[in-house]
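Within every chain, numbering begins at 1; the chains are lettered A, B, ... in the order of the sequence lines, protein sequences first and strands thereafter. Keep in mind that what you see is a predicted model, and the values were worked out from it rather than measured.
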Amino acid sequence: MPAWKNCNRLFFCLLLNLLLSAVSRADFALTEVSATLSATHLTVSTRGKLSLSDHVKEAVANGIPLDIVIYLRLKRDRAWLWDPTVAEWKIRTRLRFHALSARYIVEFPAQHTSESHSSLAKALAAIGNTRSFNLPLPKNLEFNAKQYDSGQYYVTAKILLDIEALPIPLRPLAYTLPSWWLDSDWSSWSLHL
Amino acid sequence: MVTASLSRRVLLRASFVLLFGGLLAALIMLTAAARHSEFFGRYYSILLVVNILGIVLLLGLIIPNLWRLIQQYRDRRLGSRLTLRMLGTFVGIALLPLVVVYYFSVQFLSEGIDSWFNVRITKALDDARLLGRSTLETVKQDSLQEAQQIASTLAGEHDLVAAINDIRQQHQYDELTLFEYNGQILASSSVDQTSLLPDRPPEALLNKLRSGTYQINLKPLADDSIKLRILVPVFGQSVTQPLRILQIIRSLPLRHAKLSASLESAVREYKQIKFLRQPLKFTFVLTLSLIALATLLMGIWAGIFSSRRLIKPLRDLAMGTRAVADGNYDTTLPVTQRDEFGILVESFNDMTRKIQIARDETQRAQRESDSQRTYLQTVLSHLSSGVMSVDLELRLRTFNPAAEEILGLDLNATKGQTLPQVTNAFPQVAPLWELINQGINDGQPEWQGEISLNTARGRRILIIRGSQLCSSRATDDGFVVVFDEITDLVQAQRNTAWGEVARRLAHEIKNPLTPIQLSAERIRSKYLHTLPADNRDALERATRIIVQQVDAMKQMVNAFSDYAQPVLITTTNVDLNRLASDVAELHRGKQQPEIILKLSNEIQPVVADANRILQVLNNLIINACDALQLPKQPDAATPSIEISTHPQEDHGQHYVELTVADNGPGFSSKLRSDIFEPYVTTKTKGTGLGLAIVKRIIEEHGGKIWASTTQPHGVTVTVLLPVSGNKAKIHVESILSHKGQTVS
Ligand SMILES: Nc1ncnc2c1ncn2[C@@H]1O[C@H](COP(=O)(O)OP(=O)(O)OP(=O)(O)O)[C@@H](O)[C@H]1O
Ligand SMILES: [Mg+2]
């Protein structure tokens, strides 16, 4: 098959996908984020719903590792302009398929741990429902109970597929095909003590 | 200014190099990134964006420039067509190899990538994976049997902790844990001393075990190694009732572990690459396209600039040439290049400089000839001689004011007409034309002649000299005619001649007259008484006639010598009005015709001899009366004489004009030019000296006199006398003689 035909098809798909992007969107969502603030750490556990588009599923089945990142921001409420971000964390989880055992491995690089799941759905659920993470607070940050009580601090979170972590050849495609645009909106959550 | 343009150029070049260099670097990095370079790979997306931005920037630079070029081409601006054509050539040269290389590269790339994926290799890898799985299956079975054995040994054991530890060390398991049937941990031993809790099996697994199946679970790890999780029941005394659950976590046997890891990574990579085949092609094609596009755009950009630079001196030259063609010879072009263009520009500058010098030269010559011409014209206009030039076709080309003055014509209207045409318009110059015609026909280079013209102010005698004009230019060939009025000269000559005649007459005739008279009287007194009576009468009559006739002759001779003698005048300020009314009074009454006076109050007194002026007036009135007594015209009105005065100005001099007009029969045109000549008379008893004397008197006063016929019939004699306010008589005379305006 001549190369240009391939290219043509690709570009055509791209265009079609762009058009359809508004209609079919496999999405990520965070349904619950519970964040507990201690003196030095923010302990977070999240519950989310992750579903992959067919294209992404195919990629995973073909051994492409997916990096799914939860962005967490600790923000301070302010009366004017935007609320400043006090601290920011990224929780990275990697999902990949183990061909020999036909199992899905979920890695937590930060904790140097991993677990395996027999199905993709289970693996995704495992990523969505992360166990508690202890996230260190910046050193210079000092809380006082008063500020906290007045509800000045809150947490915003977002979960998404990190396209930059994909193999290079996939990146231009992933940036252009909406089926790869997997992310949730930013959601705000209150803090517990 | 020079430094400003220089620095601008340097800046432009620097930005050029920077842009091109930057884009090139970005392209190189992009290519490196596409080849899975670890470092650039991280920035692949950024590089992609940078490159696209670079291309957009280039487009942003090129499109306005191209647009401007096209606009200039539409406006037919100088050099735009050549620039565009040159640019086309540049782009064509750049585009063709680029397209060829691009096409073959893409072809080669896609085929190359496709060729990686061999069907047999794919099959072999799939087979290897299946083989791996079955091998794993046997390992699992072996491990299960081992586990069952261990479980049976553990059944009767009391020191569970020690036993488990022993067994784990003996079999080199990772972890060995004994659970109560409900899942509570009884004893555990692990390689990893740090972990406090053993790895708990998922509840689902425990449930499955409780339902009766043995569980062997593969547990792949992040580093591609595989652990086995084996769950077996531990029976007590009763075989049917399991008491506890044993969990073994172990690695694969060393040989299997290595092989499986390498197989796993190989399979994964192959599958990955296979999956990435299309994206890979896309990425490569994208990178290649970007490179091709960037190269093309850089080519166009460079093409625009270099063609502009190449064309600029040409355009300057063309513009300079156009300016020179429009007559702007000051155009000089800056020499910016040291190549053939520079030489061209230098020669252009040289050319314009020379043209400028030549132009200045011709302008100077033109000015010189102009000034000479005006000088000549001034000389001509101040000449008292009339000058006229005609071309070979006898067309009037030039004439000076004196010519008009002398001929008494306004020649401006006839300029460019042929002499016969001029003669048609002014019949009075016919003699002049005849003379010129004759002179030309004779074919002599020079000729001369004398003619007499009747002008509005009387007869003029002209001496004409003509000569052929031969010049370097055929168009300037023709004839030049110079004429002078010699009326005064002729008059003077005549006057002298008449004076001589008068002197002779007085001497030769008057002298013998007295003896004749005396002799006749003596004959009479001596022989009157001696003769018989019949003869006495005859003698008496004869001698009386002799005496009478001699008397008459004496009178005639006296009158003549009066005329010939210079007129002596003693001038005073004379009021012409008073003089005129006195004379009119004198002639009034009896059978005299009616005399009408029309005297102006505005006239100034004239400097004149009152008696002489009286003589003039008398003569004129007598002449008029004589004319009015002639046989009347059929339509004649009552005979009347009109005397009028009014101020007159001529050439800045103030005069008093005095006219004596009658409504008599007038005179023939032949007589008109001669009536002021002596001895011209139509009367039987007239001397013909009346008007001649009048004329002399008037001329002695510095005045002018001429006669003209009035309609329907009658004669008007006009006298101009200078007023006393005029500076000097001499001055008046000099002007009059200069202007050649004397009246015959
Ligand atoms: N008013 C006039 N009307 C008609 N013819 C005139 C008039 N005045 C002069 N002439 C003509 O001019 C001629 C010359 O005149 P001019 O006065 O010189 O001589 P004269 O009158 O003939 O003689 P004299 O003046 O000696 O008596 C006249 O003979 C007459 O024919
Ligand atoms: Mg007279």
Side-chain angles (χ1 to χ4, degrees), chain A residues 1-11 13-14 55-65 93-109 111-119 122-123 126 162-177 180, chain B residues 33-37 40-46 48-49 103 105-111 113-114 125 129 132-133 135-136 202 204 217-224 226-227 260-261 263-287 289:
Chain A
M1 196 192 322
W4 61 270
K5 259 191 188 168
N6 269 341
C7 283
N8 261 2
R9 189 178 299 169
L10 245 128
F11 274 112
C13 285
L14 201 145
H55 200 238
V56 180
K57 274 183 194 158
E58 193 192 337
V60 173
N62 278 289
I64 307 290
T93 327
R94 180 165 296 154
L95 168 71
R96 67 186 175 91
F97 181 62
H98 193 262
L100 214 57
S101 61
R103 286 177 76 88
Y104 292 86
I105 305 174
V106 176
E107 285 177 52
F108 302 98
Q111 278 96 340
H112 303 290
T113 57
S114 70
E115 54 192 47
S116 71
H117 298 273
S118 58
S119 74
K122 280 182 191 161
D162 187 6
I163 291 174
E164 275 304 300
L166 291 170
I168 289 166
L170 257 182
R171 280 183 218 167
L173 215 63
Y175 274 119
T176 44
L177 292 183
W180 283 90
Chain B
R35 283 205 321 257
H36 292 267
S37 155
F40 293 121
R42 220 175 301 156
Y43 304 108
Y44 179 77
S45 306
I46 294 166
L48 207 64
V49 169
Y103 176 76
S105 302
V106 167
Q107 200 77 358
F108 179 76
L109 247 174
S110 76
E111 269 164 25
I113 289 175
D114 281 340
L125 267 173
R129 202 180 59 187
R133 277 202 182 154
T135 312
L136 273 180
N217 216 338
L218 289 175
K219 195 179 169 218
L221 292 182
D223 58 354
D224 283 348
I226 299 173
K227 300 252 157 151
S260 72
L263 183 66
E264 172 62 28
S265 77
V267 167
R268 193 182 56 231
E269 266 171 34
Y270 185 76
K271 277 183 90 173
Q272 247 185 34
I273 289 176
K274 200 174 169 192
F275 176 77
L276 288 177
R277 180 165 56 165
Q278 293 301 350
L280 204 60
K281 276 189 207 168
F282 176 70
T283 309
F284 277 131
V285 170
L286 184 72
T287 312
S289 306

- Message: For A:L100, is there any backbone N or O sitting under 3.5 Å from a side-chain donor or acceptor partner on B:E264?
- Response: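 Pair found, side chain donor or acceptor close to backbone of A:L100.
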- Counting distance only, does the side-chain N/O of A:R171 pair as donor-acceptor with the main-chain N or O of A:L166 below 3.5 Å?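 Judged by distance alone, yes, a pair lies under 3.5 Å.
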Between [options], the one whose heavy-atom pairs under 4.5 Å with chain B are most numerous:
| options | result |
| --- | --- |
| A:A99, A:S116, A:P65 | A:A99 |
| A:A174, A:G63, A:A165 | A:G63 |
| A:E164, A:R103, A:E115 | A:R103 |

- Where does B:L136 contact chain A at under 4.5 Å (heavy atoms): side chain, backbone, both or neither?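 Only the side chain of B:L136 comes within 4.5 Å of chain A.
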- Item | Verdict with supporting geometry, B:K281 and B:L109, side-chain contact (heavy atoms from CB on, under 4.5 Å) | CA-CA 7 Å; B:K281 276 189 207 168; B:L109 247 174; over 6 Å; no
- side-chain contact (heavy atoms from CB on, under 4.5 Å) between A:L173 and B:Q278, worked out: CA-CA 10 Å; A:L173 215 63; B:Q278 293 301 350; over 6 Å; no
- Please flag which part of A:R96 lies under 4.5 Å from any non-hydrogen atom of chain B: side chain, backbone, both or neither.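 When you check distances to chain B, only side chain atoms of A:R96 fall under 4.5 Å.
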- Portion of A:I105 that has a non-hydrogen atom of chain B nearer than 4.5 angstrom: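 Only the side chain of A:I105 comes within 4.5 Å of chain B.
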- Item | Aromatic ring pairing A:Y104/A:F97, orientation class (parallel under 30°, perpendicular over 60°, tilted between) |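 Rings of A:Y104 and A:F97: tilted, 30 to 60°.
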- Message: My understanding is that only one of A:V60, A:V56, A:N62 makes a side chain to side chain contact (heavy atoms under 4.5 Å, CB included) with A:E58; could you say which?
- Response: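 So, applying the side chain to side chain contact (heavy atoms under 4.5 Å, CB included) to A:E58 and each of A:V60, A:V56, A:N62, only A:N62 qualifies.
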- Message: For the interface with chain A, which of B:Q272, B:K271, B:R268 has the highest count of heavy-atom pairs at distances below 4.5 Å?
- Response: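 Among the listed options, the one with the most contacts to chain A is B:Q272.
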